[in-house]
Amino acid sequence: MEAHQHSPDSSSEECTVLEAAPSKNACLQHAGKVADLYCSGCECALCEDCLPAHNDHPKVALSQGLEQRRNRLQERLGAVQKRLPQISDALSFVKEILQQLTNQRASIEEDIQSSFEDLHKQLDVRKSVLLMELEVTFGLKQKVLQAQIDNLTRGDGDITATCTQTEEALAEEASVATLEVEHELEERLKGLAILRMPCQPEENDQLDLVMETDGLRKSIHNLGTIVTTSAVASQSEAMGNGLEQCIVGHPASVTIVTRDKSGGACKSGNAILSAEVFTPDGSIVDGEIVDHKNGTYEFVYTVPKEGDFSLALRLYDQHIKGSPFKLTITKASEVEVEVSPSTTTATNSAANATPSTGSSDGTKRRGKSPGQKKKGSKRASSALGTPRRKTQNPIEDDLIFKIGTKGRNKGEFTNLQGVAASSTGRILIADSNNQCVQIFSNEGEFKSRFGVRGRSPGQLQRPTGVAVHPSGDIIIADYDNKWVSIFTCEGKFKAKLGSGRLMGPKGVSVDQNGHVIVVDNKACTVFIFQLTGKLIAKFGSRGTGDKQFAGPHFAAVNKNNEIIVTDFHNHSVKVFTTEGELVLKFGSNGEGNGQFNAPTGVAVDVNGNIIVADWGNSRIQVFDGSGSFLSYINTSADPLYGPQGLALTSDGHVVVADSGNHCFKVYRYLQ
């Protein structure tokens with residue numbers, strides 16, 4: 001019997017039957033059942049076995065139910081997708097705020113560093129002054145006592161020697177030969193007996209230091225405050241009758257309550273809040289923001305005419321809740337004015353304040369409350385700093401222009417010191433802490449700069465003085481390198497002079513013979529060099545005498561080739577011949593006409609008048625050639641703050657280094 005064979009493609013009952021794929025509409029609750037209905041209430045598919053449990057529920061055909069659900073899902077997708085631009089904008093805005101916060105942190109950090117560096121400099125200056133006063137006072141007392149010691153020592157020696165000689169003569173046998181010697185000894189003894197000797201001390205040993213530091217320590221302990229709030233615009237709100245009924249010509253008041261992100265009331269002030277009332281024609285109505293320092297603010301404004309207006313209240317440049325508000329202004333006859341405590345407060349506030357839109361604490365700054373700080377704005381001077389004169393109204397002064405801010409770029413300065421002017425119409429500035437010299441035209445146009453920081457020849461470490469030689473070479477006093485450098489007019493290094501002799505050169509000048517005048521601030525000496533470096537003469541020492549100095553700063557040369565030196569700590573100006581003989585001295589410590597509080601820069605005009613920068617009094621005084629006070633240069637509108645070097649430009653103007661304000665200023669000067 002043949003075996004029964006099957007071909008691969010033959011079919012038979014014995015073949016394995018593959019399971020059919022489940023239906024895509026299979027019921028999820030009952031296996032093998034197909035759903036054909038949709039429960040609208042439960043939002044699920046139903047088979048015939050599901051019907052009893054959903055007997056009373058609304059049902060539709062499965063295809064219809066699925067389509068309804070798809071439509072609903074599509075609607076929700078569309079609604080959510082519409083939020084993406086909003087979220088994207090919010091993300092960009094928050095990132096921008098974070099960047100601004102980061103920038104503000106960097107700016108404040110820089111300001112803190114700068115402020116404390118300035119304080120350190122002030123303390124260093126004061127320390128130097130005290131040490132100088134100590135040295136001078138000690139020197140004067142020491143000189144008196146040492147002179148007395150020398151006198152007593154000489155007297156003691158003379159008496160001892162004479163007594164010894166007399167004893168030796170008495171020991172010998174008396175004779176005619178000894179009469180002459182004894183007679184001489186007797187005369188000497190008579191003189192010594194009546195010789196007046198300084199046996200009582202001619203000076204005392206008192207050297208005390210009175211240092212009142214308690215108040216200073218307390219001030220330092222409380223110096224500076226980081227100001228911020230947690231207020232956000234989206235939670236902050238406004239209220240008050242100024243949002244409801246406003247009457248023409250009557251002050252209206254709006255109270256703003258600042259809140260944090262959770263809606264909690266802020267308890268501190270200084271938020272940056274702005275308020276603007278717009279008239280129908282787009283102009284702005286004046287008003288004032290008062291910061292109550294407790295998280296609430298009051299905006300008081302007065303509208304001059306009736307009509308429809310808008311009030312925009314912004315916190316950190318974002319509208320608060322409900323802003324901008326629509327206002328309707330009516331005449332007083334149309335609405336009965338009800339006087340309430342808040343109205344009275346608003347009226348009184350407005351009566352005592354100068355109108356100025358959006359400025360709290362009565363400050364007149366349009367649209368901004370205190371706490372806002374702009375980069376580059378002038379800070380109030382420290383209580384430890386030199387006070388500055390303040391003016392309420394613009395004053396016409398002699399200022400033509402000023403150049404510079406604090407920085408390290410072209411046209412920016414950090415502790416500028418010496419100033420020079422060339423016959424070719426150039427102004428040269430010794431930019432001390434930037435280790436360079438910057439050159440400008442007489443009109444203030446930047447031309448060039450040169451200088452590399454370092455302690456090698458040709459490098460600058462602390463340039464303080466600058467002068468221009470008739471040859472065109474530029475002469476620079478380098479205080480920290482303790483020498484004077486010579487550069488070409490293009491800024492190429494040529495030579496140095498004074499190395500090994502100078503201790504702290506501050507100012508330089510050139511006399512009519514082309515010699516270099518160097519004022520050594522530390523050695524209290526004036527040196528005169530040839531351009532080759534050969535020393536011709538020097539004069540001066542530390543002290544308070546006529547031919548002495550205490551921290552001399554700058555020098556100028558008059559038409560008689562006399563050297564005019566500013567004697568900083570002796571508060572005077574002294575004029576010398578090139579041999580060091582005193583010709584003239586004028587000035588004393590004080591604030592009156594002709595007095596100084598540490599003179600610095602000096603220049604001489606064609607008539608021989610002497611122009612002096614008065615550092616501590618922050619002014620410029622003019623004297624005639626004999627030292628008599630003539631006038632001031634008017635600097636009232638934009639006050640100086642610690643002026644340093646000073647020069648006369650080729651077109652007859654005065655240029656001064658306004659060191660404390662990090663700029664130089666050019667003033668009119670009538671010769």
Side-chain angles (χ1 to χ4, degrees), residues 128-211 500-501 503 520 522-528 535-552 562-563 565 567-589 627:
S128 298
V129 171
L130 286 174
L131 291 173
M132 176 74 72
E133 291 178 358
L134 174 64
E135 189 68 22
V136 170
T137 304
F138 168 77
L140 294 174
K141 296 171 80 73
Q142 179 197 39
K143 184 177 180 180
V144 172
L145 292 172
Q146 187 61 51
Q148 184 178 6
I149 289 173
D150 293 343
N151 288 336
L152 290 171
T153 301
R154 282 194 300 271
D156 180 74
D158 291 345
I159 291 174
T160 301
T162 303
C163 290
T164 300
Q165 292 176 9
T166 303
E167 289 172 350
E168 291 175 350
L170 291 173
E172 296 179 2
E173 183 179 355
S175 65
V176 175
T178 62
L179 283 176
E180 185 176 351
V181 174
E182 291 176 0
H183 179 71
E184 181 183 347
L185 290 173
E186 184 178 7
E187 291 299 321
R188 287 168 59 184
L189 289 171
K190 286 181 181 179
L192 290 173
I194 62 174
L195 178 65
R196 297 186 62 181
M197 300 293 292
C199 295
Q200 296 301 319
E202 296 180 346
E203 224 345 321
N204 58 62
D205 62 354
Q206 182 183 14
L207 270 180
D208 295 326
L209 174 66
V210 177
M211 187 78 77
R501 294 182 183 273
M503 297 175 61
D520 194 326
K522 204 167 185 179
C524 294
T525 303
V526 174
F527 292 83
I528 305 176
L535 178 65
I536 297 176
K538 67 174 184 177
F539 58 87
S541 61
R542 187 184 306 277
T544 58
D546 288 345
K547 295 184 180 181
Q548 294 181 308
F549 304 105
E562 295 167 336
I563 302 169
V565 183
D567 196 354
F568 191 83
H569 293 301
N570 284 333
H571 311 290
S572 61
V573 174
K574 297 175 180 178
V575 183
F576 297 88
T577 66
T578 52
E579 291 77 29
E581 293 301 318
L582 182 71
V583 177
L584 174 68
K585 172 187 173 183
F586 60 92
S588 60
N589 187 215

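Under the salt bridge (charged side-chain N to carboxylate O under 4.0 Å, His left out) criterion, E187 pairs with K190, sequence neighbours left out. Listed by chain and residue number, K141 satisfy the salt bridge (charged side-chain N to carboxylate O under 4.0 Å, His left out) test with E203 (two or more places apart in sequence, or in another chain). Residues passing the ring-ring contact (aromatic ring centres under 6.0 Å, His included) test with F586 are F623, sequence neighbours excluded. Scored by the ring-ring contact (aromatic ring centres under 6.0 Å, His included) test, F568 finds H553, W615 as partners (sequence neighbours excluded). With sequence neighbours left out, the salt bridge (charged side-chain N to carboxylate O under 4.0 Å, His left out) criterion links K522 to no other residue.
To the nearest 0.5 Å, atoms CG (L209) and CD (E133) are separated by 10.5 Å. To the nearest 0.5 Å, atom CG of residue D158 and atom OG1 of residue T153 are 10.5 Å apart. We find the CD-CG distance between E202 and L145 to be 8.5 Å, quoted to the nearest 0.5 Å. Here I159 contributes atom CD1 and R154 contributes atom CZ; the two are 13.0 Å apart, rounded to the nearest 0.5 Å. Atom SG of C524 is separated from atom CE of M132 by 4.5 Å, given to the nearest 0.5 angstrom. Distance check: D546 CG to L584 CG gives 10.5 Å after rounding to the nearest 0.5 Å.
Within a 6.0 Å sphere centred on CZ of R542, other residues, nucleotides and ligands contribute more than 12 heavy atoms.
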Dump the intermediate steps for side-chain contact (heavy atoms from CB on, under 4.5 Å) on Q165 and R188, then the final yes or no.
CA-CA 11 Å; Q165 292 176 9; R188 287 168 59 184; 3.0 Å; yes
Check step by step if side-chain contact (heavy atoms from CB on, under 4.5 Å) holds for L152 and M197.
CA-CA 7 Å; L152 290 171; M197 300 293 292; 4.1 Å; yes
List the atom pairs, with distances to 0.1 Å, where a side-chain N or O of residues 569-578 and a protein N or O form a donor-acceptor pair under 3.5 Å, not counting sequence neighbours.
unit_1: N570; atom_1: ND2; unit_2: G543; atom_2: O; d: 3.0
unit_1: N570; atom_1: ND2; unit_2: D567; atom_2: OD2; d: 2.8
unit_1: H571; atom_1: ND1; unit_2: A598; atom_2: N; d: 3.1
unit_1: H571; atom_1: NE2; unit_2: H569; atom_2: O; d: 3.3
unit_1: K574; atom_1: NZ; unit_2: G545; atom_2: O; d: 3.0
unit_1: K574; atom_1: NZ; unit_2: Q548; atom_2: O; d: 2.5
unit_1: K574; atom_1: NZ; unit_2: D567; atom_2: OD2; d: 2.9
unit_1: T577; atom_1: OG1; unit_2: E579; atom_2: N; d: 3.3
unit_1: T577; atom_1: OG1; unit_2: E579; atom_2: OE1; d: 3.4
unit_1: T577; atom_1: OG1; unit_2: G580; atom_2: N; d: 3.4
unit_1: T577; atom_1: OG1; unit_2: E581; atom_2: N; d: 3.1

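A side-chain donor-acceptor contact under 3.5 Å links Q148 to the backbone of P198. T178 places a side-chain N or O within donor-acceptor distance of the main-chain N or O of S175, the cut-off being under 3.5 Å.
Nearest heavy-atom pair across A169 and E182 is O-OE2, 4.5 Å.
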